[in-house]
Enquirer: 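Just dropping this structure here.
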Amino acid sequence: MPKPSMSSPPIFLLFFSLLTSSSSSSHADATALVSPITKDHSTRQYTLTISLKTPPQLTTLLLDLGASFSWLDCTLNYTSSSYRPIPCSTPLCTSLHSLSCSNCFHPPGPGCSNDSCSMFPENSVTHTAIAAQALQDSLSLPTATHPAQLVTLPDFVFSCSTTSLLQGLSKGVSGLAGLGRSNISLPAQLSVVLSEPYVFALCLSGSRKAAGVALFNSRGPYYFSSPEIDLAGTLIYTPLILNPIGSTIITYYLHPSDEYFIGVTSIKVNGKDVQLNKTLLSIDENGFGGTKISTVVPYTVLETSIYKAFTDAFVKESAALNLTVTTVVKPFSVCYPAGEVTSTRVGPAVPTIDLVMQSDDVFWRVFGANSMVRVTKKEADVWCLGFVDGGVNPRASIVIGGSQMEDNLLQFDVGLKRFGFSSSVLVHGTTCANFNC
Ligand SMILES: *[C@@H]1O[C@H](CO)[C@@H](O)[C@H](O)[C@H]1NC(C)=O
Ligand SMILES: *[C@@H]1O[C@H](CO)[C@@H](O)[C@H](O)[C@H]1NC(C)=O
Ligand SMILES: *[C@@H]1O[C@H](CO)[C@@H](O)[C@H](O)[C@H]1NC(C)=O
Ligand SMILES: *[C@@H]1O[C@H](CO)[C@@H](O)[C@H](O)[C@H]1NC(C)=O
Ligand SMILES: *[C@@H]1O[C@H](CO)[C@@H](O)[C@H](O)[C@H]1NC(C)=O
C-alpha cells in the first residue's frame with residue numbers, strides 16, 4: 001500500500017491549535033488517532049464517525065467490534081475524486097480472500113465496475129449479508145494531540161453495499177466500521193499503513209449529551225479529566241483468546257473468528273462464586289462456548305444455565321441489602337422498585353459482579369452503573385438487572401454487551417494478544433465523555 005500522507009491544516013489553524021493546546025494534551029501520545037463514539041438511544045447502537053472520500057466527508061458507521069472489515073453504502077450520494085475499484089487479479093484482491101469476482105451492468109461508478117474483487121458485507125444487527133464489490137478510498141482521522149490535523153490513509157479498503165443492508169441500523173448511519181482482529185479491519189489498516197502498533201481503545205459513553213471515544217494506534221497515555229488522569233495506568237490485562245472457528249454468515253474455509261474472546265473462569269456476586277458448569281466457559285472444537293465482547297448487543301447475554309445461577313445469586317445477595325424483587329419488565333427478569341434503590345457514585349447500590357479471568361486477582365468488576373438499567377414506564381419505575389437469557393447452546397456462553405462496557409476503558413491489543421480493562425472509570429471520578437484532546 002502506498003505511503004500515507006499527513007495533510008497539514010492551514011497555517012493559521014496550526015498556529016491556533018499550538019496556542020490553545022493545553023499542558024495535558026502536549027504530553028499525550030502524538031501517534032494516537034481519535035474518533036467519537038455516539039450512542040443512539042432508540043436502537044442502543046454505538047456509532048463511530050470518520051472522514052471518508054476526497055474531499056473528506058464525515059461518515060457515521062455502526063461500531064462493530066467483531067466484524068472483519070468495514071462496509072459503506074456506495075449507492076448513497078457517493079462523491080469522491082479518489083475512489084478506486086480493486087481488480088480481481090491483483091495481489092490485494094487475493095489477500096482479501098475474496099470468494100468472488102463480479103461484473104456490473106449498471107453505469108460505472110463506486111461499487112460498479114467490471115472484473116471487480118467482491119466481498120460479502122454483513123449487517124450484524126439483522127444477520128443479513130449481500131455480495132458487493134470491494135473499493136479503496138481515502139480515510140482521514142484527527143490526531144489526539146492536534147484535532148485540526150488529519151492523518152490520511154489514501155487507500156483504505158472496504159466493501160461497498162446497497163441501501164438494503166442498512167435496514168435495522170440507526171438513522172444517519174451509512175455503513176459499518178469493522179474493528180475485528182483481522183488484517184483488513186479499520187484498526188489493522190491504520191496500524192499497518194502507519195507502521196504503528198495494532199492496538200486500539202474504546203471508551204463508550206451512555207450519555208445523551210456527550211460522545212465517548214475510540215483511540216487507535218496507541219497504548220497510552222490516555223488522558224481524561226477531571227481530575228486529570230491517565231486511564232492507561234488503571235488497566236488490568238488478560239490474554240485475548242482466539243476462537244478457531246469463525247461464525248460469519250458467509251464462511252471462509254478454516255478462517256478463525258475475528259471476534260474478541262477473553263477467558264472468564266468464574267463469576268462472583270458480592271465476592272461469592274456462582275456455581276456454573278465450567279465446561280461452558282471454554283471454547284470447544286466447534287467454536288462453541290467461551291466469552292465474547294460485542295458492541296452490537298446492548299446487554300450482556302448469558303447461556304440459560306449460567307443466567308439462572310447468576311440471577312438466583314444476585315437476588316439472594318440483593319435480599320441481604322433489603323432489596324425485594326418486583327414485577328419484571330422484559331427482556332429482563334430481575335427488577336427492583338426504583339424507590340428502594342439508593343445511589344452511589346458508581347450507580348445504584350446493588351451487589352457487585354466480578355468476571356474473574358486467569359487468576360483470582362484479575363477480575364472485571366461491574367458496579368450498579370453497568371449492571372442495572374432504569375426502566376420508566378407509565379405503570380413502572382424500576383431498576384432491572386441488565387443481563388438477558390441467551391437460551392441453551394448459544395455460540396458464545398457469555399457475550400459482554402454495550403451497557404456493561406459504558407464508562408469503562410477497554411484496550412484491544414491485537415499486537416500483544418491481550419485485553420486491558422479499567423472497570424468503571426466512575427471510580428476515578430471521570431467518565432468516557434471526558435476524554436482530553
Ligand atoms: C451529497 O454529498 C455532498 C458532498 O458532501 C453534500 O454537499 C450533499 O448535501 C449531499 N447530498 C445529500 C442528498 O445527502
Ligand atoms: C491477511 O492475512 C492472510 C492470512 O490470514 C494473508 O493470506 C493475507 O495476505 C493478509 N492480507 C493482507 C492485506 O495483509
Ligand atoms: C462491463 O462489461 C459489459 C460487457 O462488455 C458492459 O456491457 C458493461 O457496461 C460493463 N460494465 C461497466 C460498469 O463498465
Ligand atoms: C456442562 O456443559 C457441557 C457443554 O454444554 C455439557 O456437555 C455437560 O453435560 C454439562 N455438564 C453438566 C453437569 O450439566
Ligand atoms: C435491612 O432491614 C432490617 C430490618 O428493617 C434492618 O435491621 C437492617 O439493618 C437492614 N439492612 C440493610 C443492609 O440495610
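Just so it is clear, the values below take in all heavy atoms, side chains as well, and ignore hydrogens, waters and symmetry mates. Just so we're clear, the structure is a prediction, and the values are computed from it rather than from any experiment. Atoms within a ligand are numbered from 1 in the order they appear, just like the ligands themselves.
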Enquirer: Counting non-hydrogen protein atoms only, what is the nearest one to atom 4 (C) of ligand 3? Give residue, atom name and distance.
Expert: Phe105 CE2, 4.4 Å
Enquirer: Starting from atom 9 (O) of ligand 3, locate the nearest protein heavy atom and write down its residue, its atom name and how far away it is, to 0.1 Å.
Expert: Cys104 O, 4.5 Å
Enquirer: Please confirm whether the ring centroid of Phe332 lies under 6.0 Å from the ring centroid of Tyr299.
Expert: yes
Enquirer: Ring centres under 6.0 Å, that's the criterion: do Phe387 and Phe310 meet it?
Expert: yes
Enquirer: Cys101 versus Asp115: any side-chain heavy-atom pair under 4.5 Å?
Expert: yes
Enquirer: For atom 5 (O) of ligand 3, find the nearest protein heavy atom and state the residue, atom name and distance (0.1 Å precision).
Expert: Asn114 ND2, 4.6 Å
Enquirer: Mind running disulfide bond (SG atoms under 2.5 Å apart) on Cys112 and Cys74 for me, showing each step along the way?
Expert: CA-CA 9 Å; Cys112 182; Cys74 296; over 6 Å; no
Enquirer: What part of Leu280, side chain from CB on, backbone N/CA/C/O, both or neither, has a heavy atom under 4.0 Å from ligand 4?
Expert: side chain
Enquirer: Is it true that Cys93 and Cys117 have SG atoms closer together than 2.5 Å?
Expert: yes
Enquirer: Rounded to the nearest 0.5 Å, what separation is found between the OG1 atom of Thr59 and the CG atom of Leu72?
Expert: 6.5 Å
Enquirer: Check whether any protein heavy atom sits under 4.0 Å from atom 11 (N) of ligand 3.
Expert: yes
Enquirer: Hey, is atom 7 (O) of ligand 4 touched by any protein heavy atom at less than 4.0 Å?
Expert: no
Enquirer: Please work out which of the three classes, parallel, tilted or perpendicular, describes the rings of Phe314 and Tyr336, given edges at 30° and 60°.
Expert: tilted
Enquirer: Should one rank Leu276, Thr279, Asn277 by closest heavy-atom distance to atom 2 (O) of ligand 4, which comes out on top?
Expert: Asn277
Enquirer: I'd like to check atom 14 (O) of ligand 3 in this structure: does the protein have a heavy atom lying under 4.0 Å from it?
Expert: yes
Enquirer: Number the atoms of ligand 3 from 1 as they appear, then name those within less than 4.0 Å of a heavy atom of His106, with their elements.
Expert: 13 (C)
